[in-house]
Amino acid sequence: MTLTGKRKKVIDSYTTSRARMVEDQLKPRGIKDEMTLKAMSEVPRHLFVEDAMRARAYGDYPLPISAGQTISQPYIVAQMTQLLQLKGHERVLEIGTGSGYQAAILSRICKRVYTIERINRLLAEARKVFDQLRYYNIVAKLDDGTTGWPEHAPFDAIITTAGGPEIPPPLVQQLADNGRMIIPVGNQDVQELQLLTKHEGEITIERLERVRFVDLIGKYGWSE
Ligand code: SAM
């Protein structure tokens with residue numbers, strides 16, 4: 001087999017894995033938003049994990065990444081994305097870049113993604129993949145995301161991919177009117193996904209499924 005043939009085979013096999021992930025893990029669990037399904041079937045998740053993990057990249061579970069952190073299970077990424085009800089014009093803030101996979105999914109759906117990570121090594125690795133894929137509408141910075149990104153506020157949607165004891169007040173302030181925020185809130189073992197919406201300044205919070213995320217560490221999160 002030629003080198004080109006080999007390369008083609010690798011790409012094909014991941015395409016099939018992605019399609020299977022969408023059919024077996026996402027659709028049966030109620031993911032039906034077309035833009036979410038399209039992004040999940042297109043973004044190469046295997047590029048966001050270490051080489052040794054690539055064969056498991058499309059499995060129905062979270063995986064470890066550098067610095068003791070995790071890339072979330074595909075279903076959780078899709079569910080949190082779908083809950084934001086994006087239409088395409090939005091500017092979205094993500095707290096917890098991690099591998100960069102969730103930001104990559106969002107970037108295929110909305111106008112611009114602002115993502116904040118507190119661990120430099122993770123941020124650097126994620127930026128490399130964004131560049132490799134030419135996902136140029138993702139802006140990433142190193143910081144404590146619990147204080148948000150005031151220079152770019154307000155955001156049409158905010159997603160936090162680490163679990164904290166409360167919804168950080170700066171994030172509520174930086175959410176635009178008619179905006180949606182999804183965030184895991186609870187203790188350090190288990191949290192619930194909370195969906196916060198803002199309408200004419202009024203905040204509504206809906207409590208959704210139980211989840212397990214790594215700690216949100218920062219001024220309005222857990223202390224280190
Ligand atoms: N969204 C990621 C992905 O797609 O791979 C998964 C993120 S991982 C579950 C949670 C991330 O949140 C970790 O990388 C962690 O370092 C980061 N984190 C925790 N507290 C943070 C904070 N205050 N600001 C920014 N990032 C934070």
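Each ligand, and each atom within it, is numbered from 1 in the order the structure gives. Position 1 is the first residue of the sequence, and the numbers go up from there. Since this is a predicted model, take the numbers as computed values, not measurements.
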Colleague: Would Ala103 count as a polar contact of ligand 1, with the cut-off being nitrogen or oxygen pairs under 3.5 Å?
Modeller: no
Colleague: Take the angle between the ring planes of His46 and Tyr14 and call it parallel below 30°, perpendicular above 60°, tilted in between.
Modeller: parallel
Colleague: When you look for heavy atoms under 4.0 Å from ligand 1, do you find them on the side chain of Leu216, its backbone, both, or neither?
Modeller: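 Within the 4.0 Å criterion, Leu216 contacts ligand 1 through backbone and side-chain atoms alike.
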Colleague: Regarding Glu202 and Lys198, does a basic nitrogen lie under 4.0 Å from an acidic carboxylate oxygen?
Modeller: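 Result for this pair is no, no salt bridge flagged.
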Colleague: Tell me whether Lys141 at atom NZ has more than 12 heavy atoms from other residues, nucleotides or ligands lying less than 6.0 Å away.
Modeller: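 Yes, NZ of Lys141 has more than 12 neighbouring heavy atoms, counting only those of other groups under 6.0 Å.
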Colleague: Find all atoms of ligand 1 within a distance of less than 4.0 Å from any non-hydrogen atom belonging to Val214, and give their numbers and elements.
Modeller: 8 (S), 9 (C), 10 (C)
Colleague: Decide whether the shortest distance between a heavy atom of Val77 and an atom of ligand 1 is less than 4.0 Å.
Modeller: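 Flag not set, Val77 not near ligand 1.
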Colleague: How does Gln69 reach ligand 1, by side chain, by backbone, by both or by neither, if only non-hydrogen atoms under 4.0 Å count?
Modeller: side chain
Colleague: Taking only heavy atoms of Ala162, which atoms of ligand 1 are found under 4.0 Å from at least one of them?
Modeller: 12 (O), 19 (C)
Colleague: I'd like to check which ligand 1 atoms, numbered from 1 as shown, lie under 4.0 Å from a non-hydrogen atom of Ile71.
Modeller: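 Listed by number with element: 5 (O).
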Colleague: Which is closest to atom 2 (C) of ligand 1 in terms of heavy atoms, Ile65, Ile105, Thr97, Asp215?
Modeller: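 Result: the heavy atom closest to atom 2 (C) of ligand 1 is in Thr97.
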Colleague: Side chain of Asn137, backbone of Ser107: donor and acceptor closer than 3.5 Å?
Modeller: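 Pair found, side chain donor or acceptor close to backbone of Ser107.
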Colleague: Within a distance under 4.0 Å of any heavy atom of Ile116, pick out the atoms of ligand 1 and give their elements.
Modeller: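 Reading through ligand 1 atom by atom, the close ones are 25 (C), 26 (N).
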Colleague: Please confirm whether Lys219 comes under 4.0 Å of ligand 1, counting heavy atoms of the residue only.
Modeller: no
Colleague: Does Gln82 reach the main-chain N or O of Lys32 with its side chain, forming a donor-acceptor pair under 3.5 Å?
Modeller: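 Answer holds: yes.
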Colleague: Treat each ILVMFWY residue as a node, draw an edge where side-chain heavy atoms are under 4.5 Å apart, and state whether Val139 and Ile116 are in one component.
Modeller: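 Yes, it is one cluster - the side chains of Val139 and Ile116 are joined through contacts under 4.5 Å.
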Colleague: Geometry only, no angles: is Phe213 polar-contacting ligand 1 at N/O separations under 3.5 Å?
Modeller: no
Colleague: Any side-chain donor paired with an acceptor under 3.5 Å for Asp177 and His199?
Modeller: no
Colleague: Checking Glu94 against Thr160: is there a side-chain donor and acceptor pair closer than 3.5 Å?
Modeller: no
Colleague: Can you sort out which atoms of ligand 1 are near Tyr101, meaning under 4.0 Å from one of its heavy atoms?
Modeller: 4 (O)
Colleague: Please state which part of Ile119 comes within less than 4.0 Å of ligand 1, counting heavy atoms only: side chain, backbone, both or neither.
Modeller: side chain
Colleague: Distance check, rounded to the nearest 0.5 Å: Ile95 atom CD1 versus Gln102 atom CD?
Modeller: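 Rounded to the nearest 0.5 Å, the CD1-CD separation comes to 12.0 Å.
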Colleague: Tell me, please: is Asp143 in heavy-atom contact with ligand 1, that is, under 4.0 Å?
Modeller: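 Flag set, Asp143 near ligand 1.
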Colleague: Got the closest protein heavy atom to atom 4 (O) of ligand 1, with its distance?
Modeller: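 Looking at atom 4 (O) of ligand 1, the protein heavy atom closest to it is Gln102 N, 2.9 Å.
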Colleague: Of all the non-hydrogen atoms in the protein, which one sits nearest to atom 6 (C) of ligand 1, and at what distance?
Modeller: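 Of the protein heavy atoms, Thr70 O, 3.4 Å lies nearest.
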Colleague: Within a 6.0 Å radius of atom CD on Gln132, are there more than 12 heavy atoms belonging to other residues, nucleotides or ligands?
Modeller: yes
Colleague: Return the CG to CZ distance between Asp24 and Arg29, rounded to the nearest 0.5 Å.
Modeller: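 One gets 9.5 Å once the value is rounded to the nearest 0.5 Å.
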Colleague: Could you list the atoms of ligand 1 found under 4.0 angstrom from a heavy atom of Ser99?
Modeller: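 Listed by number with element: 3 (C), 4 (O), 5 (O).
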Colleague: Give the residue and atom name of whichever protein heavy atom lies nearest to atom 22 (C) of ligand 1, and the separation in Å to one decimal.
Modeller: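 It is Ile217 O, 3.4 Å.
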Colleague: Quick one: which of Arg212, Arg210, Arg207 gives a salt bridge (Lys or Arg N to Asp or Glu O under 4.0 Å) with Glu192?
Modeller: Arg207
Colleague: Could you tell me the residue and atom name of the protein heavy atom closest to atom 12 (O) of ligand 1, and the distance to it rounded to 0.1 Å?
Modeller: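 That would be Gly96 CA, 3.2 Å.
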Colleague: Salt-bridged, Lys38 to Glu34, with N to O below 4.0 Å?
Modeller: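 No, this pair does not count.
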Colleague: Return yes when Thr115 approaches ligand 1 closer than 4.0 angstrom through a heavy atom, no otherwise.
Modeller: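 Contact check Thr115 vs ligand 1: negative.
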Colleague: Check this for me - ligand 1, Leu122, N or O atoms closer than 3.5 angstrom, yes or no?
Modeller: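 No, Leu122 has no N/O under 3.5 Å of an N/O on ligand 1.
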Colleague: Thinking salt bridges, do Arg54 and Asp51 make one under a 4.0 Å N-O criterion?
Modeller: yes
Colleague: Judged on heavy-atom distance to atom 16 (O) of ligand 1, which of Glu94, Glu117, Arg118 sits nearest?
Modeller: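 Considering heavy atoms of Glu94, Glu117, Arg118, the nearest to atom 16 (O) of ligand 1 sits in Glu117.
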Colleague: By number and element, which atoms of ligand 1 are closer than 4.0 Å to a non-hydrogen atom of Gly145?
Modeller: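 Close to Gly145: 22 (C), 23 (N), 24 (N), 25 (C).
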